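Read the numbers this way: they start at 1 and go in the same order the structure lists the ligands and their atoms. Note that the structure is predicted; figures quoted are calculated from it, not measured.
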Amino acid sequence: MSSLIVVGAQWGDEGKGKVVDLLTDHANVVIRYAGGHNAGHTIITGSEKYILHLIPSGILHRGKLCCLGNGMVLDPEAFLKELKALDKRGVKIGKRLKVSPDIHIIMPYHKTIDLESEKLRGKRKIGTTGRGIGPAYVDKVARTGIRLADLCDRKVLKDKIEHNLAEKNFIYKNIYKIGTLDGAAVYRRFLKFGRLLEPYVADISKIVDDARKKGQNILFEGAQGTMLDVDHGSYPFVTSSNAIAGGACTGIGMGPTAVDSVLGIIKAYTTRVGEGPFPTELHDDVGEQLRDGGSEYGSTTGRPRRCGWFDTVVARYSNRINGFTGLALTKLDVLDPFSEIKVATGYRYKGKLLKEMPASSEAFSEAVPVYRTVKGWEKSTCEARTFKDLPPRARDYVRLLEDLSECKFQIISTGARRDETILRENPFGKGRGSRRR
Ligand code: IMP
Ligand code: MG
């Protein structure tokens with residue numbers, strides 16, 4: 001029996017979808033614990049390509065139980081749409097999908113508030129996915145949120161919608177200057193969603209506990225990435241949930257002792273969508289080449305991703321925040337054509353050399369990366385199936401990143417396909433692979 005958290009080590013889009021898909025072979029249960037349909041996980045199985053936003057990637061594997069934990073936020077329309085799309089493509093779900101009754105519901109006003117407040121922020125905008133994620137978490141913390149259990153209780157739902165709309169309609173009218181919402185229509189619509197979603201309701205915390213008692217393997221599927229975590233990311237340019245490994249405990253309802261291993265997913269370079277600081281960002285042809293080579297366009301919004309070199313300050317920080325037992329390096333093949341590759345080893349800020357993530361967001365915004373430049377391998381890595389198969393310079397690059405990230409790379413991915421993977425160690429295996437000094 002073993003349980004493993006898979007978490008993004010950078011700003012999301014590290015290729016978690018592919019790695020989770022591979023590891024699902026070893027898992028009985030797959031559970032998401034944070035975020036909502038702002039996520040976009042791309043999975044390629046044979047000639048089929050799937051992009052999942054809300055439902056754990058494990059759903060593509062027959063017989064695997066998939067759960068949505070209380071730490072997530074759920075847009076019922078997006079959920080039902082994703083279910084329908086999977087059904088259309090022949091993915092059999094049956095009783096394999098469970099949702100926590102405590103999951104907070106994204107209401108129509110959350111999406112409007114998300115879009116309107118971005119407009120009001122002007123130059124300070126966050127560049128959200130516009131899905132209503134942040135405002136839904138705001139209501140959760142404000143203790144006015146509507147949970148899945150509430151959709152299944154007429155009286156509670158009616159009362160909560162009325163109470164919420166009194167405030168939201170005031171904001172609509174007086175701040176956004178837009179038409180207000182009709183409470184009765186919202187109530188009818190969400191009551192219907194409640195009826196459609198009720199069959200999926202289950203106690204996810206208990207499912208995890210039971211799975212552990214049965215000696216099963218559990219995979220906790222993170223969304224977004226460490227640098228987008230609301231507490232430990234590049235605040236305020238973050239998402240509104242705890243994307244980090246620690247978020248799995250609160251986002252599911254289990255103690256830290258229920259987790260055996262934490263696998264960080266890290267891309268061989270860096271990308272970010274949306275606004276906010278990004279020290280190693282490239283604004284030149286090299287950045288373009290990374291974007292083209294890696295098809296770096298948001299799988300949720302289609303926005304071009306900002307691209308830059310690998311940042312070992314971020315990698316070390318991420319290792320510290322998440323307590324990785326191992327890392328999976330993805331998209332190494334994207335660097336195949338480069339004759340020269342840079343790696344940030346530290347930052348320069350106000351004349352000082354920083355080796356660690358600065359505590360202040362101002363310093364992070366102004367940090368100038370200090371690079372080590374290495375020669376590229378200029379050969380294809382896609383065919384490599386063992387570490388030894390990699391060109392010598394690619395091996396050197398991996399070793400350098402491993403050394404500076406202070407963590408073992410258990411998996412190296414050199415393509416989107418399942419077989420384009422070097423498995424050096426099974427991440428489900430016990431024991432810390434971290435070489436933290
Ligand atoms: P929100 O999550 O829609 O509120 O967006 C907040 C920030 O997180 C924006 O910069 C988004 O681009 C970013 N973001 C949210 N979800 C993802 C994701 O799954 N991958 C990458 N960036 C994301
Ligand atoms: Mg993504």
Under 4.0 Å, heavy-atom basis, I'd like to know which part of R303 is in contact with ligand 1: side chain, backbone, both or neither. side chain

What residue and atom, counting heavy atoms only, is the protein's closest point to atom 11 (C) of ligand 1, and at what distance? G127 O, 3.6 Å

Check the surroundings of atom CZ in R372: do more than 12 heavy atoms from other residues, nucleotides or ligands lie under 6.0 Å from it? no

Could you check whether any side-chain N or O of N322 sits under 3.5 Å from a backbone N or O of A245, counting only pairs where one atom can act as donor and the other as acceptor? yes

Taking R385 as the fixed residue, which of D419, L423, I422, T421 is the one that meets the side-chain contact (heavy atoms from CB on, under 4.5 Å) rule? D419

Tell me the contacting part of L228 for ligand 1: side chain, backbone, both, or neither, using a 4.0 Å heavy-atom threshold, strictly below. side chain

Would you call the rings of Y397 and W377 parallel, tilted or perpendicular, where under 30° means parallel and over 60° means perpendicular? tilted

Taking the cut-offs as 6.0 angstrom to the six-membered ring centre and 45 degrees off its axis, would you call R89 and Y50 a cation-pi pair? yes

Which residue and atom name correspond to the protein heavy atom nearest atom 5 (O) of ligand 1, and how close is it? T128 CA, 3.3 Å

d(C66 SG, R32 CZ) to nearest 0.5 Å is 11.5 Å

Provide the atom name of the closest N, O or S atom of D13 relative to the Mg ion (ligand 2). OD1

Between G40 and the Mg ion (ligand 2), is there a contact where an N/O/S atom of the residue lies under 2.8 Å from the metal? yes

In the protein, which heavy atom is nearest to atom 3 (O) of ligand 1, and how far is it? T129 OG1, 2.6 Å

Name the closest protein heavy atom to atom 21 (C) of ligand 1, giving the residue it belongs to and the distance to 0.1 Å. D13 OD2, 3.0 Å

Given the ring of Y371, does K342 sit roughly above its face, with NZ or CZ under 6.0 Å from the centre of the six-membered ring and within 45° of the axis? yes

Establish, yes or no, whether the cationic atom of R424 lies under 6.0 Å from the six-membered ring centre of F387 and within 45° of the ring axis. yes

Verdict with reasoning, R291 to E296, per salt bridge (charged side-chain N to carboxylate O under 4.0 Å, His left out): CA-CA 5 Å; R291 185 173 310 117; E296 296 295 354; over 6 Å; no

Taking non-hydrogen atoms only, is W11 closer than 4.0 angstrom to ligand 1 via side chain, backbone, both or neither? backbone

Side chain or backbone of D114 under 4.0 Å from ligand 1, or both, or neither, by non-hydrogen atoms? neither

Could you find the nearest protein heavy atom to atom 2 (O) of ligand 1 and give me its residue, atom name and distance? T239 OG1, 2.6 Å

Starting from atom 6 (C) of ligand 1, find the nearest protein heavy-atom neighbour and note its residue, name and distance. V238 O, 3.4 Å

Under 3.5 Å between some N or O of ligand 1 and some N or O of N38? yes

R305: heavy atom below 4.0 Å from ligand 1, yes or no? no

Non-neighbouring partners of K16 that pass salt bridge (charged side-chain N to carboxylate O under 4.0 Å, His left out), sequence neighbours left out: E14

Return the closest protein heavy atom for atom 16 (N) of ligand 1 as residue, atom name and distance. Q224 NE2, 3.1 Å

Please state which protein non-hydrogen atom is closest to atom 10 (O) of ligand 1 and give its distance, to 0.1 Å? V273 O, 3.1 Å

